[in-house]
Amino acid sequence: MSDVPLIALAIVSDELDVPEQVQIRRHKRQTLLDRGLQAYPVSLPITVSIAQLREQYGHLEAEAETGVTVGIAGRVIFSRNTGKLAFATISAGSGETIQAMVSLGQVGEESLADWKALVDLGDQIFVQGEVISSKRGELSVFVDSWSMAAKSLRPLPVAHKEMNEESRVRQRYVDLIMRPEAQAMARTRVKAVSALRTSLSNRDYLEIETPMLQTQPGGATARPFITHSNAFGIDLYLRIAPELFLKRAVVGGLDRVFEINRNFRNEGADSTHSPEFAMLEFYQAYADYQEMATITRELIQEAAQAVAGSLTLIHFDGSEHDLSGVWPQIDLYGSLSQAIDQDLTPETPRAVLESLCKAVDIKFAPTWVNGKLVEELFEHYVIPTFTGPTFVMDFPVDTSPLTRDHRSKSGVVEKWDLYVNGFELATGYSELVDPVIQRERLVEQASLGEKGDKEAMPLDEDFLRALEHGMPPSGGVGMGVDRLLMALTGQGIRETILFPLVKPERDQ
RNA sequence: GCACCGCUAGCUCAACUGGCAGAGCAGCUGACUCUUAAUCAGCGGGUUGGGGGUUCAAGUCCCUCGCGGUGCACCA
């Protein structure tokens, strides 16, 4: 050690707080470089993917030889050796694997020794050799030569124990390596989102993009994230919904528009909520909420078909969920009245609502409007009774400021919520297009904001000006894309999002 | 935001009322030419989430901060 250069000493002291296994792997990397070999080559003579190999030679008899030489690359996920013959399971990541067999007779003493000394679990490796089947019938590449494709400096977790949820989410790359289901979710999500786009496109909808940075948040009741524009010298808001811009587009004659994009709401996270979440909103001129309910059901059914090939979904936990047919619609006030065996209407006095809430321990704030109390009661009494997908129809007017009054029932608006698996998957409306009434509602909301309701909408004069140009009668729907994935797979929202927001780790 | 529970080796987890910090996998050394979580022999690996306190003695008790989980609240 006395003639070790200063730089090497510096590295050694720098490694004092590095785990032993990482130090060892760093030294293996350095050994490769010292030998004039590459630890991270720029390209490799790959001839075929592991999936193609499986496809083509998957049914070889045990001990079969093909005489075909291939070059493949993948990650070593399992390795074992018997002295003069080494085996490694190489994974393409998406679940396909192939076995590499490195034998003394084929590669020679030095190459075999290097393999055993320098190849670790988790390394990306390239092997070239004949496609054969082992004595046990395992499809294998009988290696002529091998080289490092990318040296991994960190050990993989134990393959046969579940990583804890926090590690899976924080280090999704490891989760994707270890669990084919993690990759399957990413692929399922693409299929579902792609199905939504196709279904809407087939119905002559245009996909448009509206601002994520807004000078005032609107289109939903939620607290926004605030950011700042240096150039404009003003605060901007990350959008909480695209609604007000999509409606401007409809005013302008884009009769059928949709957007699939992220919304941001400055609120807590749990198994069904993420501060940033993907949302589909679509608007159709000359449609009402009933037509939108039909389209929404069809979109979900077409997405299920694209993802699962069936309208009967098998969830992650093995349970079956039938999405076929036409889904029931229940009336909010009617079903709640039935559930509590007492007639409830939009005219029911506040004192009655409050005592009903108190009776079942629903906490409420004095600032809450009557309709909100009714919705709370509904969630408590009726939602748990749902068995399949269910549309809840006709909500209180005071909780839906952007929705048109019901055409025949007083005190309620033409709004539905679609519940699947106990959570709200989508919501649809006959949109309020009367600019005078809209202004009254928004002024009322803005005054709530002045009274301290941080979720109330500020007055958007430009939106009102747009409506004053005449918006055709329209239906609108908002659907949580992450929640659609939850409904299709039975997984929690953080599993459907590849990289959900997590608080930073300390001491990093 | 509030309450409760948790944080120990690279990973998954043990460690009684405070009394020498351990196992499996992974790693290292050696053996083994058809293995499938290979096997056999041996060995190393820890600031017990951070900081402070009580105590002869703290993974364990107290305070505090961080992160996570669950429930509540808010929301889709």
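Throughout, protein chains are lettered first and strands after them, A, B, ... in sequence-line order, and every chain is numbered starting at 1. The analysis underlying the following values was restricted to heavy atoms, covering all of them including side chains, and did not include hydrogens, waters or symmetry mates. All values reported here derive from a predicted model rather than from experimental measurement.
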Quiz item: Relative to the ring of A:F264, is the ring of A:F225 parallel (under 30°), tilted (30 to 60°) or perpendicular (over 60°)?
Solution: perpendicular

Quiz item: Taking the side chain as C-beta and beyond, is there a heavy-atom pair between A:T390 and A:L418 under 4.5 Å?
Solution: no

Just jot down the side-chain contact (heavy atoms from CB on, under 4.5 Å) partners of [X], sequence neighbours excluded, or say none.
X	result
A:A293	A:Q329, A:F391, A:W416
A:S400	A:F395, A:T403, A:V413, A:K415
A:K84	A:L104
A:D114	A:R35, A:E110, A:L118, A:W146

With a 4.0 Å cut-off on heavy atoms, is [X] in touch with a base, just the backbone sugar-phosphate, or nothing at all?
X	value
A:E63	nothing
A:G105	base
A:M101	base
A:R168	nothing
A:I24	sugar-phosphate
A:S140	nothing
A:K135	base
A:E166	sugar-phosphate

Does [X] put a side-chain nitrogen or oxygen below 4.0 Å from OP1 or OP2 of [N]?
X	N	result
A:K116	B:U29	no
A:R154	B:C11	no
A:K84	B:U33	yes
A:K503	B:C67	yes
A:N164	B:U12	yes

Find the distance [X]:[atom1] to [N]:[atom2] and express it as a whole number of Å.
X	N	atom1	atom2	answer
A:E165	B:C11	CD	P	17 Å
A:D123	B:G10	CG	P	19 Å
A:E138	B:U33	CD	P	21 Å
A:I77	B:C11	CD1	C1'	16 Å
A:L85	B:U36	CG	C1'	13 Å
A:L118	B:U29	CG	C1'	16 Å
A:E495	B:G69	CD	P	11 Å
A:Q23	B:G27	CD	C1'	12 Å

Practice problem: Show your reasoning for whether side chain to side chain donor-acceptor pair (under 3.5 Å) applies to A:N266 and A:Y237. | Solution: CA-CA 11 Å; A:N266 208 338; A:Y237 301 89; over 6 Å; no

If you check the [X] side chain, which of [options] turns out closest?
X	options	value
A:H160	B:A26, B:A37, B:C25	B:A37
A:T82	B:U33, B:A26, B:C28	B:U33
A:R170	B:G68, B:U36, B:U12	B:G68
A:F87	B:G10, B:A76, B:C34	B:C34

Practice problem: Dump the intermediate steps for side chain to side chain donor-acceptor pair (under 3.5 Å) on A:Q30 and A:R26, then the final yes or no. | Solution: CA-CA 6 Å; A:Q30 192 59 50; A:R26 286 184 185 178; over 6 Å; no

Practice problem: Please confirm whether A:F258 and A:Y283 have ring centers closer than 6.0 angstrom. | Solution: no

If you measure from the [atom1] atom in [N] to the same atom in [M], how many Å do you get, rounded?
N	M	atom1	value
B:U55	B:A23	C1'	30 Å
B:U8	B:C13	C1'	9 Å
B:C20	B:G59	C1'	14 Å
B:A26	B:G10	C1'	7 Å
B:G27	B:U70	C1'	36 Å
B:G22	B:C34	P	38 Å
B:G68	B:C63	P	22 Å
B:G46	B:G6	P	27 Å

Exercise. For A:F277 and B:A76, say yes or no: do the ring centres fall under 5.5 Å of each other while the ring planes differ by less than 30°?
Key: yes

Exercise. Could you say whether A:R494 or A:R265 is positioned toward the 5' end of RNA chain B, judged by the nucleotide with the nearest heavy atom to each?
Key: A:R494

If you go through the side-chain atoms of [X], does one of them form a donor-acceptor pair with the base of [N] closer than 3.5 Å?
X	N	answer
A:N81	B:C32	yes
A:Q21	B:A26	yes
A:E20	B:G44	yes

Quiz item: Between the side chain of A:S140 and the main-chain N/O of A:A100, is any donor-acceptor distance below 3.5 Å?
Solution: no

Quiz item: Can you name the ring-ring contact (aromatic ring centres under 6.0 Å, His included) partners of A:H380, sequence neighbours left out?
Solution: none

Quiz item: How does RNA chain B look in dot-bracket notation if pairs are Watson-Crick or G-U with both distances under 3.5 Å, crossing ones as [ ], other-strand ones as |?
Solution: (((((((..((((.....[..)))).(((((.......))))).....(((((..]....))))))))))))....

